[in-house]
Amino acid sequence: MNTDLLNLFDCDEARLRSILSEALSGADDGELFLEHAQAESLTFDNGRLKGGSFNTDQGFGLRAVAGESVGYAHAGEMSAAALSRAADAVRAVTAGYSGSYATAPQRTNKKYYGDENPIGSPSFEAKAKLLADIDAYLRNKDDKVRQVTATISASWQVVDILRADGHRVQDIRPMTRINISVVVGDGDRQESGSFGTGGRIGFGDFVSEGNWQTGADEALRQALVNLTAIDAPAGTMDVVLSSGWPGVMLHEAVGHGLEGDFNRKKTSAFAGLLGEMVAAPGVTVVDDGTIDNRRGSLTVDDEGTPSGYNVLIENGRLVGYMQDRQNARLMGMKPTGNGRRQGYSSVPMPRMTNTYMLSGDRTPEEIIASVKKGIYAVSFGGGQVDITSGKFVFGCTEAYMIEDGRIGPAIKGAMLIGNGPDAMKRVSMVGNDMKLDTGIGNCGKAGQWVPVGVGQPHLRMDQVTVGGTKA
């Protein structure tokens, strides 16, 4: 398709800009956000192609910002009439208000991913064959395999952001992902394992036999480990977190609390603590949307601000928040490129991109050897976090006992329970092996979902509450 989204309207650019200028007269900020998005998904389950979907969506969202108030209207109809109706609606927040329209975001020549549409290449037949090959490979690999589910998905999003001051920026965002889940059984007992990978890339890497076999092997390995796992003990003990995906706990328990809106409204456990020690010395946390081809990366955010490398916690001290334009202005700070939205029907808000902890100076072997008795958490599943208090609960999908500095038997049912700010102060050793997740993260906030990345090195956390299943 033609990626100039202005061509989808039934009027010329001059008419659109006239309506936009009138709609945002007197506003502090605001923009016209245009979107065209395509998405495809195929699922192979229990030996057959069980589901497939393809959809296309497009529309616009018009936003006017006046102080703390936001007027927002959206439509799937790309016409001057629909835009005029939206303009009438958003002007409600500027009635009697006289603001000074904010300076446009800085432009950027950097781009962190290609713009090729991954949908349609390879063909539907090739993708279906890939899923069938994964199923057959796992079933032939081990006779304990009872069920295999494999899903491949792709999306392609074109966004165009226009401001009343004439500033305009476009971004084209591809995304691909593959997920493999396997259930193994021995008698009446069944356990599962999974693996997923993805990013802002094409399908070439996935179609490569060596790559998908590595992912399938990992899913099977995790399932077989869990098949031999014993019940997890409960109590307060030292915990070692593996590198990579366990950074999802950092994302949830700390990252959300460092988003600008929660801190401006003082509903975050970190509100008012800028400049203070909120983590142990040696802990440095960043949000970085500038990593090539990563799932959470953005060339520009959904307000047109270039993505950035933003240090949030430096050597234990809170030094910054993630900001969109509105919250940054109200807090007297600069936007950080974290204004994100799920799509044209949603308002932007401060959101994470790729959030991770930097490496320290300890080896993973040193960290594990330092624990007399504790838990080694390799992978997490679901969790719950309360932003205001910072309290969290996370379930481990792969974990082991540590006994006298050595990794012991696998355990099942382990839950890590704590408080985000308190947990960061319990970090006593930081590994030298920072790793990002494999590209599977999705983040929910206020009903909106966006792709994100997480990561961390191996960590030791002292005296963490562990919920278990051992009687």
Side-chain angles (χ1 to χ4, degrees), residues 38-55 118-119 121-122 124 126-139 141-142 145-157 173-184 190-226 242 244-248 251 293-296 354 378-383 395-398 435-444 449-455:
Q38 299 176 359
E40 177 189 66
S41 180
L42 295 176
T43 299
F44 200 92
D45 183 46
N46 210 22
R48 60 181 178 176
L49 189 63
K50 204 164 190 178
S53 65
F54 175 83
N55 65 280
I119 298 174
S121 179
F124 172 89
K127 292 173 185 173
K129 182 179 184 304
L130 169 63
L131 296 175
D133 288 346
I134 293 171
D135 180 270
Y137 174 79
L138 283 167
R139 292 181 185 279
K141 186 87 174 178
D142 196 294
V145 172
R146 294 186 175 177
Q147 183 171 354
V148 177
T149 302
T151 300
I152 195 165
S153 58
S155 64
W156 190 65
Q157 181 193 38
R173 304 166 179 169
M175 186 77 76
T176 52
R177 177 172 167 171
I178 187 169
N179 283 83
I180 302 169
S181 175
V182 57
V183 176
V184 297
Q190 292 191 153
E191 299 290 345
S192 63
S194 63
F195 177 82
T197 186
R200 297 196 182 278
I201 53 178
F203 276 120
D205 290 339
F206 299 161
V207 175
S208 169
E209 184 173 287
N211 284 337
W212 68 253
Q213 284 187 357
T214 299
D217 288 343
E218 175 59 20
L220 177 59
R221 182 201 65 79
Q222 188 182 91
L224 292 173
V225 165
N226 288 332
S242 184
W245 177 246
V248 69
H251 167 103
N293 302 321
R294 291 296 306 182
R295 183 172 174 83
N354 303 300
V378 175
S379 186
F380 287 131
C396 300
T397 54
E398 183 182 352
K435 183 172 70 173
L436 294 170
D437 74 290
T438 55
I440 59 174
N442 280 315
C443 174
W449 290 88
V450 296
V452 296
V454 302

Would you tell me whether [X] and [Y] have side-chain atoms, one donor and one acceptor, within less than 3.5 Å of each other?
X	Y	answer
Asn179	Thr151	no
Asn442	Arg295	yes
Glu40	Asn55	no

Thr438 side chain reached by Phe195 side chain, heavy atoms, under 4.5 Å: yes

Is the shortest side-chain heavy-atom distance between Phe203 and Pro122 below 4.5 Å? yes

How close do [X] and [Y] get, counting heavy atoms only, and between which atoms?
X	Y	value
Leu138	Ile180	CD1-CG2, 3.8 Å
Asn226	Glu191	O-CG, 3.3 Å
Thr149	Thr43	CG2-CG2, 4.1 Å
Gly193	Ala223	N-CB, 3.4 Å

Indicate yes or no for a side-chain donor-acceptor contact from Ser41 to the backbone of Ser53 under 3.5 Å, with no hydrogens or angles considered. no

Would you confirm whether Asn354, through its side chain, and Gly296, through its main-chain N or O, come within 3.5 Å as a donor-acceptor pair? yes

Go through Asp437 and Arg294 one step at a time and tell me if the salt bridge (charged side-chain N to carboxylate O under 4.0 Å, His left out) criterion holds. CA-CA 10 Å; Asp437 74 290; Arg294 291 296 306 182; 3.3 Å; yes

Please lay out, stage by stage, how Gln213 and Ile134 fare under the test side-chain contact (heavy atoms from CB on, under 4.5 Å). CA-CA 7 Å; Gln213 284 187 357; Ile134 293 171; over 6 Å; no

Salt bridge (charged side-chain N to carboxylate O under 4.0 Å, His left out) evaluation trace for Arg139 with Asp135: CA-CA 6 Å; Arg139 292 181 185 279; Asp135 180 270; 3.1 Å; yes

Would you find more than 12 non-hydrogen atoms of other residues, nucleotides or ligands less than 6.0 Å from Phe54 atom CZ? yes

side-chain hydrogen bond (donor to acceptor under 3.5 Å, both in side chains) with Thr397: which of Ser194, Ser379, Ser192? Ser379

Using side chain to side chain contact (heavy atoms under 4.5 Å, CB included) as the criterion, point out the one residue from Met175, Arg177, Lys127 that pairs with Ser153. Arg177

Tell me every residue that passes ring pair (Phe, Tyr, Trp, His ring centres under 6.0 Å) with Trp245, counting only those two or more places apart in sequence or in another chain. none

